[in-house]
Amino acid sequence: MTVPLTLLGLLDREPSYGYDLKRDYDTYFGKGKPLPFGQVYSTLGRLARDGKVAAGPSEPGDGPDRKRYAITPLGRQEVEAWLAEPAAAEPFLQTVLFTKVVLALMLGHDAQRFLDVQRATHMRRMRELSEIKRDGALVDALLADHALFHLEADLRWIEVTTARLGALAETVRRA
C-alpha cells in the first residue's frame, strides 16, 4: 500500500488536518506499524507540490498552527485510477523464506532447523492473529484473516519444502 495514495483517498472523503489523517491511517491501515507524523507532513508537502492536494491557510490551535488539506481534481483523478487498477497478484516467485532455505543449503547450514524455527514463528503469529479476530473490531478481524491466509500458505510451503529438502539440497549443491 502506498502512503501517498492512501492519504489522498482519505482526503477524498473530506478535507482534513494532518493529525486527523494520521489518526485515520493508523486506525484503518497502520495496525502494528503506525505512520510517523513526519511522514504524514512530508507526504502532504510532496502532494501539495505536485498539485494533488491544496493546503488551506494556517489556523491557530492549542499547539502549532494547523493547515487543513483538501484533495484537488488531479489528486481525485489519481485516486480513482488507483482504485480501478487491480493490485498485483502476490506473492512474487522470489521470497525471503525461499532465499534463506536455498542459502542455508548452499552454505552447509541446517535448513531443516530454519524451517522448524520459521514454522514455530508462524504458529505463534497465527495465535496472536486469532486472538485479534476474537476480540477485535470488524476491520481488525478482516486484516487478521488476510494475514492468517498468507501464513497458512507459508506453512503449506514449509511442509512441502521439508518433504523435498533432500532433493533441493542435491540440486543446489550441483549448481
Side-chain angles (χ1 to χ4, degrees), residues 1-59 66-103 118-119 121-161:
M1 173 184 321
T2 70
V3 171
L5 287 165
T6 304
L7 293 179
L8 281 174
L10 290 171
L11 284 170
D12 203 5
R13 296 179 312 164
E14 63 184 355
S16 299
Y17 298 105
Y19 177 86
D20 297 326
L21 290 169
K22 179 196 175 354
R23 183 199 60 225
D24 290 349
Y25 182 97
D26 290 350
T27 298
Y28 294 104
F29 312 110
K31 301 296 180 190
K33 190 175 181 189
L35 195 59
F37 276 108
Q39 187 175 1
V40 171
Y41 292 106
S42 64
T43 301
L44 288 169
R46 284 190 304 278
L47 291 170
R49 177 199 68 206
D50 297 341
K52 297 173 185 173
V53 302
S58 294
E59 301 172 13
R66 302 172 359 142
K67 291 182 185 177
R68 184 182 297 269
Y69 294 87
I71 194 168
T72 64
L74 178 62
R76 185 167 287 115
Q77 183 180 16
E78 186 165 329
V79 169
E80 289 172 5
W82 180 59
L83 291 175
E85 182 181 307
E90 291 184 26
F92 299 101
L93 287 177
Q94 184 68 320
T95 69
V96 173
L97 290 176
F98 176 78
T99 301
K100 285 186 170 190
V101 169
V102 170
L103 282 174
Q118 191 63 56
R119 182 184 301 108
T121 300
H122 273 48
M123 295 299 292
R124 190 169 33 258
R125 182 64 177 140
M126 289 176 81
R127 284 189 293 277
E128 292 168 357
L129 291 166
S130 294
E131 187 173 319
I132 289 171
K133 277 182 59 169
R134 272 192 309 277
D135 301 336
L138 178 60
V139 169
D140 297 333
L142 288 171
L143 286 169
D145 279 337
H146 187 266
L148 282 165
F149 296 147
H150 282 275
L151 291 171
E152 288 172 2
D154 283 352
L155 286 174
R156 287 194 305 272
W157 181 85
I158 288 169
E159 293 306 315
V160 167
T161 302

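Sequential numbering from 1 along the given sequence is applied to the chain's residues.
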Enter the distance from E14:CD to Y69:OH here, rounded to the nearest 0.5 Å. 16.0 Å

Looking at K133 and D145, would you say the former's side chain and the latter's main chain have a donor-acceptor pair under 3.5 Å? no

Can you measure from CD (Q118) to CG (L97) and round to the nearest 0.5 angstrom? 5.0 Å

Taking distance alone, no hydrogens or angles, what donor-acceptor pairs closer than 3.5 Å link side-chain atoms of residues 38-45 to residues at least two apart or in another chain?
from: Y41; atom 1: OH; to: Y19; atom 2: N; distance (Å): 3.2
from: S42; atom 1: OG; to: G38; atom 2: O; distance (Å): 3.0
from: S42; atom 1: OG; to: Q39; atom 2: O; distance (Å): 3.2
from: T43; atom 1: OG1; to: Q39; atom 2: O; distance (Å): 2.7
from: T43; atom 1: OG1; to: R46; atom 2: NH2; distance (Å): 3.3

Step by step, work out the salt bridge (Lys or Arg N to Asp or Glu O under 4.0 Å) result for R156 and E159. CA-CA 5 Å; R156 287 194 305 272; E159 293 306 315; over 6 Å; no

Any T99 side-chain heavy atom under 4.5 Å of V96 side chain: no

Taking all atoms of both residues into account, what is the closest heavy-atom pair of K67 and Y17, and its distance? O-CD2, 3.2 Å

Which atom pair, heavy atoms only, marks the closest approach of Y25 to L10? N-CD1, 3.9 Å

Using a 4.5 Å cut-off on heavy atoms from C-beta on, say whether the side chain of E128 contacts that of E131. no

Answer whether the closest heavy-atom distance between the side chains of R23 and D20 falls below 4.5 Å. yes

Distance (rounded to the nearest 0.5 Å) between D140 CG and I132 CD1: 7.0 Å

A side-chain contact here means heavy atoms from C-beta on lying under 4.5 Å apart; do L142 and H146 qualify? no

Gap separating the CZ atom of F149 from the CG atom of D154, nearest 0.5 angstrom: 14.0 Å

I want to check something: taking the side chain as every heavy atom from C-beta on, are K52 and V79 in contact at a cut-off of under 4.5 Å? no

If only atom types and distance count, is the side chain of T72 paired as donor or acceptor with the main-chain N or O of G51 below 3.5 Å? yes

Looking at I71 and R76, what are the two nearest heavy atoms and their distance? CG2-NH2, 3.1 Å

